[in-house]
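Predicted, not measured: the structure shown is a model, and the values here were computed from it. Hydrogens, waters and symmetry mates play no part in the numbers below; they use all other heavy atoms, side chains included.
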Amino acid sequence: SICRVKLMNIRVIGAIVVLCLVWGSLWGLVKHSLQIFPPFLFISLRLILAGLTLMIVQRILRKSILPAKGEWKKLIISSLMICIGFYATQTFAMQFVDSGLSAVLVFTMPIFIGVLAHFILKERLNTQKMIGLVLGTLGLIAILWPQLHHIHLNLSLMGQIILILSGLFWALTTVNIKQNFASYDKIKLTIWQLLIGGCVLFSGALIFEPIDVQVWITLLNDSILLYIAVVGTGFAFALWNWIVSQVDTFVASISIMCIPLLSLFFGYVLWHEPMTLNILVGAAFICSGIVASSLNIKMKKKTIIPLPCK
């Protein structure tokens with residue numbers, strides 16, 4: 001019915017707004033945490049804590065937790081893609097790049113996903129999607145323009161390249177979820193994505209990274225880690241997976257492109273990172289891209305709603 005369609009649209013928009021605020025504020029905290037914790041111990045504990053939290057939520061909701069025997073292979077592949085291909089590379093690279101710029105580079109993801117969804121999911125890359133894609137890309141170029149003028153081979157450049165690759169793996173994982181887990185319980189999916197990859201990373205971190213007990217028993221440090229793990233990782237990725245299951249993959253991706261803008265804003269206000277004219281120009285382009293993409297949702301509604309009346 002029309003009311004159900006409108007209610008679902010309100011829920012999706014609300015979910016996108018919440019996700020943007022949570023992830024937008026998270027990048028500066030992660031950057032700050034990397035000055036305290038060893039990177040791979042930090043990311044592995046973040047993933048494991050998030051997974052365990054969602055397991056408790058799933059138990060409270062009285063839903064199944066353990067996957068069926070035939071589901072493990074697909075879950076392991078999805079977990080390694082998101083945890084190693086996305087989380088581990090992103091966390092490592094952020095040691096060398098500002099939090100706001102890191103968010104911008106990772107959010108090249110919609111640029112990759114438009115093409116991947118076209119070829120893998122057969123989601124047509126129509127005119128409106130192309131307009132949204134071009135505007136979003138121009139926004140990212142505008143924001144990156146000063147860095148493009150002064151590129152030279154160093155740790156910062158290496159970090160920037162790794163962050164773009166991280167965005168590619170995020171896009172691949174998103175397409176994988178749409179292809180293999182469209183009707184799968186999204187909390188259950190996120191639990192095993194986080195736990196499998198988190199345990200793999202934790203095993204490696206224990207071998208190669210030092211453990212300073214004092215760092216891990218400080219209340220402030222533990223509070224930051226818990227917020228990043230429980231809210232910023234477990235809750236946020238469950239929400240993201242749900243959003244992807246409700247709307248076109250490309251629309252879901254470009255609709256959260258305001259996250260790097262929020263990250264730049266929080267980086268400027270809280271962490272004293274630069275906010276320049278090119279960032280404002282980029283913001284205008286990206287917001288225009290979001291509007292152009294949203295028009296596609298509206299057109300879909302016009303074609304879908306009248307069908308039951310016939």
Side-chain angles (χ1 to χ4, degrees), residues 4-5 7-16 18-19 22-23 44 46-88 109-110 112-114 116-123 166-201 229-256 297 300 304:
R4 284 184 180 178
V5 171
L7 180 60
M8 179 56 68
N9 290 333
I10 291 170
R11 286 177 178 173
V12 171
I13 292 168
I16 290 171
V18 171
L19 190 67
V22 171
W23 270 347
S44 59
R46 171 186 174 182
L47 297 174
I48 291 169
L49 286 171
L52 292 175
T53 302
L54 287 176
M55 191 175 283
I56 294 170
V57 171
Q58 191 77 333
R59 176 61 67 187
I60 292 171
L61 295 174
R62 296 184 178 180
K63 294 183 178 180
S64 67
I65 294 174
L66 287 176
K69 188 177 179 180
E71 296 170 348
W72 282 106
K73 183 179 177 181
K74 288 181 178 180
L75 281 171
I76 289 170
I77 292 170
S78 180
S79 175
L80 294 179
M81 287 174 69
I82 197 67
C83 292
I84 296 177
F86 174 62
Y87 274 119
M109 180 267 284
F112 294 122
I113 212 169
L116 291 172
H118 174 73
F119 288 105
I120 298 173
L121 302 179
K122 309 304 179 186
E123 292 184 359
S166 179
L168 172 60
F169 269 96
W170 186 10
L172 284 168
T173 307
T174 301
V175 171
N176 175 264
I177 289 168
K178 190 79 171 181
Q179 190 174 37
N180 297 307
F181 300 99
S183 59
Y184 200 82
D185 184 319
K186 293 305 176 291
I187 296 181
K188 183 176 176 179
L189 169 63
T190 309
I191 287 170
W192 294 106
Q193 278 184 318
L194 300 177
L195 286 181
I196 294 168
C199 289
V200 171
L201 288 169
V230 176
V231 179
T233 307
F235 167 75
F237 246 93
L239 197 60
W240 165 247
N241 289 339
W242 180 80
I243 291 168
V244 169
S245 73
Q246 298 301 312
V247 296
D248 183 293
T249 312
F250 184 87
V251 174
S253 303
I254 201 169
S255 295
I256 59 170
I297 300 177
K300 282 184 178 180
I304 290 172

Inset, instruction - Looking only at non-hydrogen atoms, find the nearest pair between A50 and G234 and report the distance. - result: CB-N, 3.5 Å
Legend entry - pair I77-N180: side-chain heavy atoms closer than 4.5 Å: no
Legend entry - Nearest heavy-atom neighbours spanning A238 and I187: CB-CG1, 4.5 Å
Inset, instruction - Could you grab the distance from atom CG of L121 to atom CG of N176, nearest 0.5 Å is fine? - result: 9.5 Å
Inset, instruction - Starting at CH2 of W170, measure out to CZ of F86 and round the result to the nearest 0.5 Å. - result: 5.0 Å
Legend entry - Closest non-hydrogen atom pair, F112 against A171: CB-CB, 3.8 Å
Inset, instruction - Mind checking the CD-CD1 spacing from Q246 to I16? Nearest 0.5 Å is all I need. - result: 10.5 Å
Inset, instruction - Take atom OH of Y87 as the centre, draw a 6.0 Å sphere, and report whether it contains more than 12 heavy atoms from other residues, nucleotides or ligands. - result: yes
Inset, instruction - Can you see which heavy atom on I196 is nearest to which on S79, and at what distance? - result: CB-OG, 3.3 Å
Legend entry - Spacing of S44 atom OG and L49 atom CG [to the nearest 0.5 Å]: 9.0 Å
Legend entry - Single hit among V22, V18, T190 for side-chain contact (heavy atoms from CB on, under 4.5 Å) with L239: V18
Inset, instruction - Grab the two heavy atoms, one from Q193 and one from S78, that are nearest each other, plus how far apart they are. - result: NE2-OG, 2.8 Å
Inset, instruction - State the CE-CG distance between M55 and L66, to the nearest 0.5 angstrom. - result: 7.5 Å
Inset, instruction - Output yes when a side-chain donor or acceptor of K186 lies under 3.5 Å from a complementary backbone atom of Y184, and no otherwise. - result: yes
Inset, instruction - Not counting sequence neighbours, list each pair that qualifies as a side-chain hydrogen bond (donor to acceptor under 3.5 Å, both in side chains) and has a residue in residues 46-59. - result: R46-T233, Q58-D185
Inset, instruction - Only pairs at least two apart or in different chains count here, so list each ring-ring contact (aromatic ring centres under 6.0 Å, His included) that has a residue in residues 51-70. - result: none
Legend entry - Atom pair CG/CH2 of L54 and W192 - distance to nearest 0.5 Å: 12.0 Å
Legend entry - Nearest heavy atoms of V175 and A117, plus distance in Å: CG2-N, 4.2 Å
Legend entry - Heavy-atom side-chain proximity of V12 to W242 below 4.5 angstrom: yes
Inset, instruction - Fit a plane to each ring of W23 and W240, take the angle between them on a 0 to 90° scale, and name the class: parallel (under 30°), tilted (30 to 60°) or perpendicular (over 60°). - result: tilted
Legend entry - Sub-4.5 Å side-chain heavy-atom contact between T173 and I177: yes
